[in-house]
Amino acid sequence: MLVNTAALVLSTIKYGESDIIAKLFTRELGVQSYMIKGVRKSRKGKLRISFFQPLTQLEIQTNHKGKGNLEYIKEARVRVPYSNIHTDIVKGSIALFFSEVLSQLLINDQPDESLFDYLNYAFEFLDVTDHVANFSIKVLLDTSVIMGFGIDQASNDQPYLNLLTGVFDDNGLQPHHTTQSEASLIKQFMGIKFDELGTIKMNRSSRNSLLSLVIDYFQIHLQVFKKPSSLAILKQLFDS
């Protein structure tokens, strides 16, 4: 079956001397892995190695067989050219972080158009914005909502957050509860627009603690989720 679909590059691994295996999140087919032959040596082919950097947005054509094996891409083009995600050290580190996170979260071939469209919009924003410090926390929290294990916004009139239930309550510093200040910071991210992220003021220590807390939330609700190795790099990026 010949399929044309938008796709988001999640990760790649080298295969042999000149090939790669690329894991893509596609809008029509969900997550698929593709064998890209000769791409590490060829500079003239239709498929170029630069197309397969983390979070690149592509339009691909594939003869989809759907038998659980590696698929092949017939043609590809960059659908949304980025200006600086792959050249800016901070944005590149964020891209690496989300490459690792999404590779863990997106593991089946079931399409999720809402999540796909959200992620593509988010990374387009990342490419053009100068306010990136709070970006990762917002995208993680939004992604958890879209995937069905997000924090309950209806209970945000309560002062504490129970990480086990994802519900705000008034139980104080009981096991698996945030502090009141941590809960207050999380509430600021709920429903906020991307272009308002700069209004959330945190120092480096508070931001890193909140990022770790969100990762802990993911690990609690997704037992197979592991702390990304790139998290340590991400925490070193923001000085204020």
Side-chain angles (χ1 to χ4, degrees), residues 1-129 132 135-136 139 143 194 228-230 233-234:
M1 177 176 63
L2 194 63
V3 177
N4 292 285
T5 181
L8 182 70
V9 178
L10 299 181
S11 62
T12 61
I13 58 173
K14 296 178 181 178
Y15 186 84
E17 293 186 358
S18 60
D19 306 339
I20 63 171
I21 297 173
K23 185 177 182 181
L24 308 186
F25 179 33
T26 74
R27 196 174 195 275
E28 304 297 329
L29 303 169
V31 175
Q32 299 289 331
S33 292
Y34 296 93
M35 173 69 76
I36 317 293
K37 287 187 169 294
V39 72
R40 289 165 53 205
K41 289 189 175 181
S42 174
R43 297 184 179 181
K44 298 181 180 180
K46 294 182 179 180
L47 304 178
R48 303 177 185 178
I49 191 66
S50 60
F51 291 179
F52 299 96
Q53 298 182 76
L55 308 189
T56 300
Q57 298 186 37
L58 300 174
E59 185 76 28
I60 67 169
Q61 184 180 84
T62 175
N63 189 12
H64 184 68
K65 296 181 180 179
K67 295 182 179 180
N69 300 320
L70 288 173
E71 303 278 355
Y72 292 87
I73 295 174
K74 294 188 65 176
E75 296 182 6
R77 66 174 182 86
V78 176
R79 191 171 63 87
V80 180
Y82 292 140
S83 298
N84 57 22
I85 282 182
H86 297 134
T87 56
D88 180 280
I89 187 171
V90 174
K91 292 183 180 181
S93 297
I94 294 173
L96 181 63
F97 172 76
F98 276 103
S99 169
E100 192 174 354
V101 168
L102 293 173
S103 292
Q104 291 194 66
L105 294 180
L106 305 174
I107 56 175
N108 61 55
D109 60 358
Q110 296 302 310
D112 189 333
E113 294 179 356
S114 294
L115 180 58
F116 182 89
D117 291 343
Y118 169 80
L119 291 173
N120 280 265
Y121 176 81
F123 299 136
E124 288 177 44
F125 174 83
L126 175 63
D127 185 54
V128 300
T129 188
V132 299
F135 175 87
S136 299
V139 173
T143 297
F194 277 104
S229 58
S230 54
I233 298 174
L234 201 64

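Only this structure's heavy atoms are used, side chains among them; waters, hydrogens and symmetry mates stay out. It should be emphasised that the depicted structure is a prediction, and the values quoted were computed from it without experimental measurement.
- Counting only heavy atoms from C-beta outward, the side chains of K74 and L2 approach each other to under 4.5 Å.
- In this structure a side-chain-to-backbone donor-acceptor pair under 3.5 Å is present from T143 to V139.
- Residue pairs meeting the salt bridge (charged side-chain N to carboxylate O under 4.0 Å, His left out) criterion with at least one member in residues 79-106: none, sequence neighbours excluded.
- Taking 4.5 Å as the limit, every side-chain heavy atom of D109 sits out of range of all side-chain heavy atoms of L29.
- Residue pairs meeting the salt bridge (charged side-chain N to carboxylate O under 4.0 Å, His left out) criterion with at least one member in residues 3-12: none, sequence neighbours excluded.
- Ring geometry, F135 versus F98: the interplanar angle exceeds 60°, so the pair is classed perpendicular (tilted spans 30 to 60°).
- The side chain to side chain contact (heavy atoms under 4.5 Å, CB included) search around Y121 returns F194, not counting sequence neighbours.
- A donor-acceptor contact shorter than 3.5 Å links the side chain of S103 to the backbone of S99.
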Counting only pairs under 3.5 Å, give me each side-chain donor-acceptor contact of residues 3-16, with atom names and distances, residues two or more places apart or in other chains.
residue : atom : partner : partner atom : Å
N4      : OD1  : Q61     : NE2          : 3.2
T5      : OG1  : R27     : N            : 3.4
T5      : OG1  : E28     : N            : 3.1

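- Residues passing the ring-ring contact (aromatic ring centres under 6.0 Å, His included) test with F25, sequence neighbours excluded: F116.
- No donor-acceptor pair closer than 3.5 Å links the side chain of E71 to the backbone N or O of S33.
- Every side chain to side chain contact (heavy atoms under 4.5 Å, CB included) that S18 has, sequence neighbours left out, goes to K41.
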**Request:** Step by step, work out the side-chain contact (heavy atoms from CB on, under 4.5 Å) result for I21 and I36.
**Result:** CA-CA 6 Å; I21 297 173; I36 317 293; over 6 Å; no

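- Take Y82 and apply the ring-ring contact (aromatic ring centres under 6.0 Å, His included) test, not counting sequence neighbours, and it matches H86.
- Considering only heavy atoms from C-beta on, V31 stays 4.5 Å or farther from N108 through its side chain.
- A ring pair (Phe, Tyr, Trp, His ring centres under 6.0 Å) check over residues 46-67, counting only residues at least two apart or in different chains, returns nothing.
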